[in-house]
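No experiment lies behind these values; they were computed from the predicted model shown. Chain A is the first sequence line, chain B the second, and so forth, proteins listed ahead of strands; every chain is numbered from 1.
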Amino acid sequence: MTLRLHDTASREVRDFVPLQEGKVGLYVCGLTVQSEPHVGHVRSGVNFDVLQRWLRVRGYDVTFIRNTTDIDDKILAKAEEQGRPWYNLAYEMHRELDRAYAALNVAPPTYEPAATGHVPEMVELIEALVERGHAYPAEDGSGDVYFDVRSWPTYGELTRQRIDDMEAAEDADPRGKRDPRDFALWKGWKVDREPATASWPSPWGRGRPGWHIECSAMAGKYLGTAFDIHGGGMDLRFPHHENEQAQSRAAGHPFAAYWMHNAWITTAGEKMSKSLGNSLTIPAVLERYRGIELRYYLVAAHYRSHVEFSFDALDEAVTGFRRVEAFLERAGVAGEAGSVVLADLPEAFVAAMDDDLGTPAAVAVLHDTVRDGNRLLADGADAAPVAARVLAMLDVLGLHPADPAWGGGDEAATTRLTEAVDVLVAGLLEERAAARAAKDFATADGLRDRLKAAGIEIEDTPSGPRWSLAQAHGKD
RNA sequence: GGUGGGUUGGCCGAGAGGCGAGGCAACGGACUGCAAAUCCGUGUACACGGGUUCAAAUCCCGUACCCACCUCCA
C-alpha cells in the first residue's frame with residue numbers, strides 16, 4: 001500500500017511520492033494572530049497534525065513548518081481600536097493560539113516562523129522578482145511594489161481561473177497598478193496612518209510586506225525552493241496560494257509538489273468567521289468539553305468535508321469516544337503515547353489512513369476493534385492485545401488518553417482527591433451492599449440516586465460495584 | 001459573470017456501478033433484584049426529473065436548493 005493524497009492542483013487523489021526518498025517537507029499556512037481562535041481556526045491545525053503524525057508513522061522524516069502572520073491590516077486596525085501596540089496584540093493572540101493547540105494535542109511544528117522575523121528574506125525575493133520583470137514599484141510613488149500578473153502566463157493555474165474571468169477587486173483603485181489583479185508584494189508606509197514600528201527599510205522606502213510574500217519567503221528558507229506538501233484552509237486557495245505559487249515560480253522556484261486544503265466548519269450554515277463566534281472560541285468550548293473530546297469530534301470527520309458544528313453532534317461524539325475509553329479502562333491497559341509502529345495497527349486502519357487520510361473509516365475500524373475487545377471481555381478472555389491495537393490507533397490520531405498533553409492540571413492533587421472520594425464512595429457502597437443483601441432495594445437505589453445526583457455513576461460488575469464520574473455536560 | 005464543493009436513514013457522518021462504513025438515538029433479546037455497562041439481533045437511506053447499464057446512492061444530461069472562493073479569512 002502506498003499513501004495517496006488529494007492534490008488540489010490536479011484535483012485528484014494521487015500517490016504520494018516525496019521529492020527525496022524518506023523525507024517530507026510540509027508547509028502549512030497558520031493563522032493571522034488577531035483574535036481568539038475558534039473551533040474553525042483550529043481545524044486545520046488538527047487536520048495537518050494528523051497528516052504529520054501519519055507521515056511519521058509511515059516512516060518519513062518530516063520537516064513541518066507552520067507560520068504565523070503577525071503583521072497585517074487587521075492586526076493594525078484592531079490594535080489601534082484597543083489602543084495598544086500591534087505587536088502586543090499579535091503576541092497575546094499568538095500565546096492564546098499556542099494554548100489552544102496544546103489543549104488539542106496539536107504538536108508544535110519543527111519551526112514556527114513569524115512574518116516580522118523574515119522581512120529581509122521577503123525583500124530579497126521581491127528584488128529577484130523585480131529583476132526578472134515580474135514585479136514593479138508602483139508608479140504613483142506610494143512605495144508599493146506589485147506582482148505583475150500579466151507577466152506570468154500560468155497565473156491562475158492552481159485554481160483554474162483565467163485572469164480575464166476574475167472579478168477585479170472592488171478596492172482596486174488604480175493605485176499605480178498595471179492590472180487591477182496585480183497584488184501587493186510590499187506596502188509602502190503610510191506615514192500619517194500607520195505606526196513607524198510597523199515599517200521596515202527596503203529598496204523602495206520604508207514599508208511592510210504584503211500578505212502572500214511571507215509564505216513564499218519562509219517556505220523557501222526552511223524547506224528549500226522545492227518541497228513536498230503545502231497545506232491550508234480552503235479559502236486560501238485563492239488568492240493566497242495562487243499568488244504564492246505564482247511569485248515563487250516566477251522567481252524560479254518549483255515550489256510545492258502537492259497542495260492540500262481542509263474544508264470548513266460552519267455554524268448555522270455559515271462560515272464561522274462571519275457569524276457570532278463567542279461561544280465557539282476554544283477557551284469557551286474547553287470550559288464544557290475536554291480537549292480530547294473536541295479533538296475526537298474534529299478527527300472523526302474527513303478533512304475535506306464540511307462540518308456543520310453543533311453541540312448536539314459534539315455530545316454524540318463524546319458519547320462515542322467514552323465508549324472507547326470505557327473499554328480501555330475495563331481492559332486495564334494504559335500504555336504510553338508516541339510509540340506507534342505500523343505493525344501495531346490493523347490493516348484496515350492503515351488502508352483508511354493511506355487513502356487520503358480517511359479518518360472516518362479509520363475511526364470505524366477503531367470502533368470495530370473496541371467491539372471485538374468488549375466481546376472478549378464479556379467472555380472473560382484477555383483483551384490486552386486488542387486494547388493495545390486500540391491505543392495504537394488512538395495514538396496515530398493524537399487521541400491517546402495517556403498522552404501527557406491531556407494532563408493539564410495538578411495531577412498529584414487530582415490523585416489525592418480521587419483517593420478521598422474513593423474512600424467516601426466505598427463507605428456508601430458498603431451500606432448499599434448491605435441493603436441489597438437484605439433485599440431492601442429502596443434503600444439501595446436511594447444511595448445510588450444520591451451518588452448520581454452528585455455526579456458519580458455506579459455500575460455493578462461481576463467483580464463488584466465501581467464508580468466513575470458522570471459526563472460533565474449532559475445533553476440538557 | 002468565472003471557479004470549486006455539497007444535498008445520504010430519526011440524527012451525525014462515510015462510501016463512489018453489484019455485497020447496507022461507523023457512531024448516536026430507538027426497538028427486541030441475553031445479563032441484572034432493578035438499573036448501568038456490555039454482547040446479540042432489528043433499518044431496505046442516498047434532493048428531484050430523465051437517460052446509460054443485466055445492475056446506479058455511485059456514470060451521463062437536465063432541474064431545484066445550499067455553500068465557499070474571486071476583498072482580509074482556517
Between A:Ser310 and A:Val42, who's closer to the 5' end of RNA chain B by nearest nucleotide? A:Ser310
Judged by each residue's nearest nucleotide on RNA chain B, which is more toward the 5′ side, A:Phe238 or A:Gly358?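 It is A:Gly358 whose nearest nucleotide is closer to the 5' end.
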Students often get this wrong, so: under 4.0 angstrom with heavy atoms, is [X] touching a base, only sugar-phosphate, or nothing?
X: A:Asp368; value: sugar-phosphate
X: A:Arg43; value: nothing
X: A:Asp379; value: nothing
X: A:Thr8; value: nothing
X: A:Gly156; value: nothing
X: A:His302; value: sugar-phosphate

Is it the case that the base of [N] and the side chain of [X] share a donor-acceptor contact (distance under 3.5 Å, atom types as modelled)?
X: A:Arg371; N: B:C40; result: no
X: A:Arg323; N: B:A37; result: no
X: A:Asp460; N: B:C31; result: no
X: A:Asp445; N: B:G33; result: yes

Provide the distance between the two [atom1] atoms, one in [N] and one in [M], to the nearest whole Å.
N: B:A57; M: B:C48; atom1: P; value: 11 Å
N: B:G22; M: B:G13; atom1: C1'; value: 8 Å
N: B:G10; M: B:G49; atom1: C1'; value: 27 Å
N: B:A14; M: B:U52; atom1: C1'; value: 27 Å
N: B:C34; M: B:G29; atom1: P; value: 13 Å
N: B:G18; M: B:C24; atom1: C1'; value: 30 Å
N: B:U7; M: B:A47; atom1: C1'; value: 6 Å
N: B:U58; M: B:U8; atom1: P; value: 14 Å

Grab the [atom1]-[atom2] distance between [X] and [N] for me, whole Å please.
X: A:His6; N: B:G5; atom1: NE2; atom2: C1'; value: 10 Å
X: A:Leu158; N: B:C70; atom1: CG; atom2: P; value: 14 Å
X: A:Asn47; N: B:A74; atom1: CG; atom2: C1'; value: 9 Å
X: A:Asn262; N: B:A68; atom1: CG; atom2: C1'; value: 13 Å

Worked verdict on A:Val149 versus A:Phe147 for side chain to side chain contact (heavy atoms under 4.5 Å, CB included): CA-CA 6 Å; A:Val149 152; A:Phe147 183 84; 4.2 Å; yes
Parallel, tilted or perpendicular: which one describes the rings of A:Phe309 and A:Tyr297, with boundaries at 30° and 60°?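 Ring orientation of A:Phe309 relative to A:Tyr297: perpendicular.
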Quick one: sort the A:His230 and A:His241 rings into parallel, tilted or perpendicular, breaks at 30° and 60°. perpendicular
Within the pair [X] and [N], is there a side-chain N or O less than 4.0 Å away from OP1 or OP2?
X: A:Asn374; N: B:C39; value: yes
X: A:Thr266; N: B:C67; value: no
X: A:Arg11; N: B:G4; value: yes
X: A:Arg375; N: B:C40; value: yes
X: A:His41; N: B:A74; value: yes
X: A:Arg322; N: B:A37; value: no
X: A:Ser305; N: B:A14; value: yes

Review item, nucleotides 16-18 of chain B N/O atoms under 3.5 Å of protein N/O:
none

Identify the heavy atoms of [X] and [Y] that sit nearest to each other, and give their distance.
X: A:Glu194; Y: A:Trp189; result: O-NE1, 2.9 Å
X: A:Asp460; Y: A:Pro465; result: OD1-CB, 3.5 Å
X: A:Leu328; Y: A:Ala387; result: CD2-O, 3.9 Å
X: A:Ile75; Y: A:Asp70; result: CD1-C, 3.4 Å
X: A:Pro283; Y: A:Glu96; result: CG-OE2, 3.6 Å
X: A:Ala219; Y: A:Phe227; result: CB-CE2, 3.7 Å

So does A:Arg322 pair up with A:Glu293, basic N to acidic O under 4.0 Å? yes
For [X], give me all partners under side-chain contact (heavy atoms from CB on, under 4.5 Å), at least two apart in sequence or on another chain.
X: A:Glu92; result: A:Arg84
X: A:Pro195; result: A:Leu76, A:Trp86, A:Thr197, A:Ala198
X: A:Glu81; result: none

When the ring centroid of A:His6 is compared with that of A:His261, is the distance short of 6.0 Å? no
Centroid separation under 6.0 Å, is that true for the rings of A:Tyr146 and A:Phe183? no
Under the 3.5 Å Watson-Crick or G-U criterion, the dot-bracket string of RNA chain B, with | for inter-strand pairs: (((((((..(((.....[...))).(((((.......)))))....(((((..]....))))))))))))....
Going by centres under 5.5 angstrom and planes under 30 degrees, do the aromatic ring of A:Phe441 and the base ring of B:G33 stack? yes
From B:A74, B:C70, B:C11, nucleotide with atom closest to A:Met166 side chain: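 Nearest listed nucleotide: B:C70.
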Check each residue of residues 94-106 of chain A for a non-hydrogen atom within less than 4.0 Å of any atom in RNA chain B, then write out the ones that pass by number, or none. none
